[in-house]
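The first residue of the sequence shown is numbered 1, and numbering continues consecutively from there.
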Amino acid sequence: MEPDFPAGALVAVLTAQPIDRMLDYRAPEGGCDIGALVEVPLGPRKVLGVVWGPGQGGFDPAKARSILRLHDVPPLRDEMRRFLEKVADYTLTPMFQMLRMTVRAPALEDAVRLGYPPALEDAVRLVYRATGAVPDRMTPAREKVLQVMRDFGGLSFTLGELAGAADVTPSVIKGLVKAGAISEEVAPKDLPFQRLNPAHPGKALTDEQTAAADALRTSVRSGQYGTTLLKGVTGSGKTEVYLEAVAETLRAGRQALVLLPEIALSGEFLRRVEERFGARPAEWHSGITMTERRRVWKMIGTGDAQVVVGARSALFLPFQDLGLIVVDEEHDGSYKQGDGVLYNARDMAVLRASLNAAQVVLASATPSLETWVNADTGKYARITLDARFGVAVMPDMRPIDMRAEKLPGGRWISPTLQGAILNRMKKGEQSLLFLNRRGFAPVTLCRACGQQVACDHCDARMVEHRFQNRLVCHQCGANRPVPDACPSCGVEGKMVPVGPGVERLEEEVKAVFPEARATVLSSDLFGTARALKDRIAEIAAGGADIIIGTQIVAKGHNFPKLTLVGVIDADLGLQGSDLRAAEKTFQLMRQVAGRAGRAEAPGVALLQTYQPEHPVLRAIMSGDDEGFWQAEADQRHAAGVPPFGRMAGVIISSPDLQAAFDVGNRLARNAGPLLQVGAEVYGPAPAPIARVRGRHRVRLLVKAAKGAALQAALAQWIAIPLPPDLRLTIDIDPQSFL
Ligand code: ADP
Ligand code: ZN
C-alpha cells in the first residue's frame, strides 16, 4: 500500500516535548502514514513524536530535517488522535502532555531517550514457565517464585518479571530451572493473547438478567454509539450481564474494554472473565510489568488483544476497533485522575465511545448523580436489576442512635453493636466494622498546651500509625516518630491520641472480644497489591471473625460468611461543605452494607450515628434510592450546580502566599472572557487544604450555565504571564474541593 506521505514530503509531527505547536519534518525513506510513531531529531536530541498531518510550512523548507525512523507499532488511528485532541480541549491540557500520557505507558519515550532498540523490536526472548515438578529442596525464596507462577496460572514470564514479582534474585529462578521445576524456553516476543471465545458456555442467567443482557446485546449489534446505565444492587449479577455485552462485541469482531476502580482489579475478576470466555483478557494497571505493558500496548493496536481489563488509564490505549467500554462502579471517585491531566475516565469513556461508534455500559448499585440524571432525562438508556442473585437479599439497614448508647471515653463500639457481633461469632459468621480512617488516631494532642501535631509542610494534622510507630501526613506523606515531648510547648509525656482510626479500633476489638480473630484491611498496611489480595482471599475463605476496614473493603470484594456490617461513624462523610457530601455518603454506606449477606445467610447493616433523623441517613436506611436521587437532583437543580450547571476550579500554588493571592486577584479582576459567557467567578480564597508540600494554595471557583462555552473562555482568561515558581491548575468538573 502507498504510504500517506511519500519519502521527502513535509509532515507535521507532534512531539511529547513541551512545545506548543507541531514541528515539520520530512517523511523518511519509504514514506510514512498519518498517526505513525516516529523518532525525530530535535536540536541535539532524538525525541518521540507522532505524524499528525501534512506539514504546515511557514519556514524555509530547505531546513526541514528528516524523520529518523518509524517505531514498529501500528499508527495512532484517526479516532484516537481526535480523542486526544478533544480530551485536551475539554481539560485544557496542552497536546504534548496528552501524547506524553499516551506513550509513557509503554515507555516508548524511554526507549528513544536511552537510544536502545526498544524491546518492542526484539524478535525473541527467554521465557520461564512452571513445569509442575516439585524441586527436591524447597526454600522460602523458591516457594515465593512457585507461588507467583501458581497465582498467574500457567503464564510465562521473563526472568526480570519473575524475579521482580517474587522479589527474589534471578539466581533463585535459575536454580529452579536446574531443579526442573521451571522450564526455560525461547519464545517469540510479543505473543498474541489467546483468543477469547464468546461461545464458551457461560452461567445460565435468570429471566431478569437475560432481559438485561438482551437489551445490551441489541445495543452492541447496532454498531452505533450509545450509553446505558446498568443499575442493580450489589450481587444482582451486573457483571454476568455486561460480560454478555462483551461477548456480543467479540462476535462482532470488535474489542472491549472493562474499566474497574484500581483497587477492584483482582485476580477474582480476571478469573471470571476467563471462566466466561475460556481465556484470560489483557490487564492494564499500575501493577503490570513494563515488558507486559509494551506487549499489551502493541497487541491492542493490532487487534490481538480482544478484551482489556484495566484501570482508568486504559482509556488511552490505542485500540484498533473499540466497540464497547464498560465502566464498572461508575460512581467511584478514583475514575477522576488527581494529578497531571485532570480527566474523569467515566466521562471520557463516553466521549471516546462517541468517536468510535461504540457502546458504553455504566454499571453501579449507586450511580453518580450525573449518570442518574442523564438516564432520567433519556440521554442514557437505563436497565435495572432488582433482585440479588439466588437467595441473597439486601441487608436490613438500621441506625444505632449513639445518643442513647452508654460508651466510656476512648471506646467506639456501642453495646448494641457489640451484642450483634457476639451473636455472629456464636454462629461462626463474620462481622465487618467499617471506619474510613487509616491509622491509629486522626489527631495527636498535647494535654499541656492543647496544640495538635500538624505537618510542617501542609495544612493537615499528623495521623498516628501505631504499627509503624510514626506520625504521618496523609497529604504529603511526611512522617516522623511519635514525639514524647510536645513539638509546641516542649512538655514531656502529655501527648495523647484523639479519635479512632482502624488500628485503634482493632485494639478495642481485641479488648472486647479477646477470643476473636480480628484483622485490619487498610491500604497502607500492605506492601503490595498482591499481599492485600492474598489477605482478602484468606478472609473470604473464613480466616477472620471480625474485619476492620477502611474504604477499600467497600469495593467489590466477596465475603460469603459476612452477615453483619457495623458502620462506626455514619456521620463522618456528612461533615464539611462538599457539594457531593450527601451523594458520597449515600454511595459509600450502600456499598459497605452490600458486603453483608452475599451468600445464604441474610445480612444486617447497623449504622452508628448521632443524627438518625438526617435526611441522607434516612434515605440510606429506607431503601428508597430513587427518592434520594430525585431529592438530591432537585436540590442541585435549584442551586444551579452540577450536573445542572458547570464548574471549574482553579488552584494557584506557590511557596509565596502573597504571590499566589496576587495572581488570584488579578484573575478575579480581569474576568472579562468569563463574564462574556455568563460565568461567575468566586474567590480567590485559601483552598480548604491551604498548604501542601510547602506550597500555599489559593483557589477560585468558576460557575457557569450548562450550555456555556466554558473551556474557550477559561483558556483566554488564564493566558497571563505567571511568576516562575507559581503553578496554575484548572480542574474542569472538580469532584472534590480540596
Ligand atoms: P454484581 O456485579 O451486580 O455485584 P455479580 O455479577 O458479581 O453481581 O454476581 C454476584 C454473584 O452471583 C457472583 O458470584 C456471580 O457469579 C453470581 N451470579 C450472578 N448471576 C448468576 C447466575 N445467573 N448464575 C450463577 N451465578 C450467578
Ligand atoms: Zn504534609
Side-chain angles (χ1 to χ4, degrees), residues 18 20 87-95 97 336-344 347 370 457-460 475-476 575-581 635-738:
D20 62 1
V87 176
D89 285 350
Y90 192 84
T91 58
L92 292 170
T93 305
M95 275 308 285
Q97 220 173 315
K336 175 80 185 229
Q337 166 101 357
D339 50 34
V341 183
L342 301 179
Y343 66 94
N344 186 319
D347 299 343
E370 276 82 356
H457 319 285
C458 302
D459 176 26
Q475 285 306 318
C476 72
Q575 299 152 3
S577 54
D578 192 331
L579 161 72
R580 294 185 173 81
Q635 270 185 28
R636 299 243 198 122
H637 196 233
V641 295
F644 301 96
R646 302 196 55 193
M647 277 190 183
V650 178
I651 292 267
I652 302 163
S653 77
S654 165
D656 179 3
L657 179 63
Q658 194 52 48
F661 261 105
D662 286 348
V663 169
N665 282 318
R666 193 143 41 98
L667 285 172
R669 275 198 309 274
N670 300 301
L674 291 177
L675 302 181
Q676 264 174 23
V677 297
E680 297 160 66
V681 182
Y682 299 87
I689 296 174
R691 200 162 60 108
V692 174
R693 293 189 175 88
R695 297 180 69 90
H696 295 275
R697 302 167 83 241
V698 166
R699 71 173 296 144
L700 295 130
L701 187 65
V702 178
K703 275 183 164 188
K706 193 161 171 129
L710 191 55
Q711 273 83 351
L714 285 168
Q716 209 189 334
W717 181 50
I718 58 164
I720 56 169
L722 299 174
D725 54 0
L726 186 137
R727 269 203 298 272
L728 188 151
T729 313
I730 295 239
D731 186 0
I732 304 285
D733 311 330
Q735 282 294 305
S736 67
F737 297 84
L738 302 176

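- Looking at K336, its side chain does come within 3.5 Å of a backbone N or O of D733 through a donor-acceptor pair.
- Considering only heavy atoms from C-beta on, T91 stays 4.5 Å or farther from I730 through its side chain.
- Looking at P723 and V663, their side chains come closer than 4.5 Å, going by heavy atoms from C-beta outward.
- Between the side chain of R636 and the backbone N or O of P642, at least one donor-acceptor pair lies under 3.5 Å.
- In this structure, the separation between CZ on R695 and CG on L726 is 7.0 Å, given to the nearest 0.5 Å.
- Put simply, NZ on K706 and CZ on R646 are 9.0 Å apart, with the number rounded to the nearest 0.5 Å.
- Separation of atoms CH2 (W717) and CG (L700) is listed at 5.0 Å; rounding is to 0.5 Å.
- Contact annotation: the side chain of L728 never approaches that of I720 to less than 4.5 Å [non-hydrogen atoms, C-beta and beyond].
- When all heavy atoms of V698 and P684 are compared, the closest pair comes out as CG1-CB, 3.5 Å.
- Here the straight-line distance linking atom CZ of R666 with atom CG of L722 works out to 7.0 Å at 0.5 Å rounding.
- In this model, no donor atom of one side chain and acceptor atom of the other lie less than 3.5 Å apart for Y90 and N344.
- Side-chain contact check for R727 versus R697: every heavy-atom pair is 4.5 Å or farther apart.
- The shortest side-chain heavy-atom distance between V87 and T93 does not fall under the 4.5 Å cut-off.
- When every heavy atom of S654 is checked against every heavy atom of A659, the shortest pair comes out as OG-CB, 4.1 Å.
- Note that the CG atom of D20 and the CE atom of M95 stand 13.0 Å from one another [nearest 0.5 Å].
- The side chain to side chain contact (heavy atoms under 4.5 Å, CB included) test with M647 singles out one residue from V702, V641, D731, and that residue is V641.
- A709 approaches V677 most closely through the heavy-atom pair O-CG1, 3.9 Å.
- In this structure, N670 CG and Q716 CD are separated by 11.5 Å, a value rounded to the nearest 0.5 Å.
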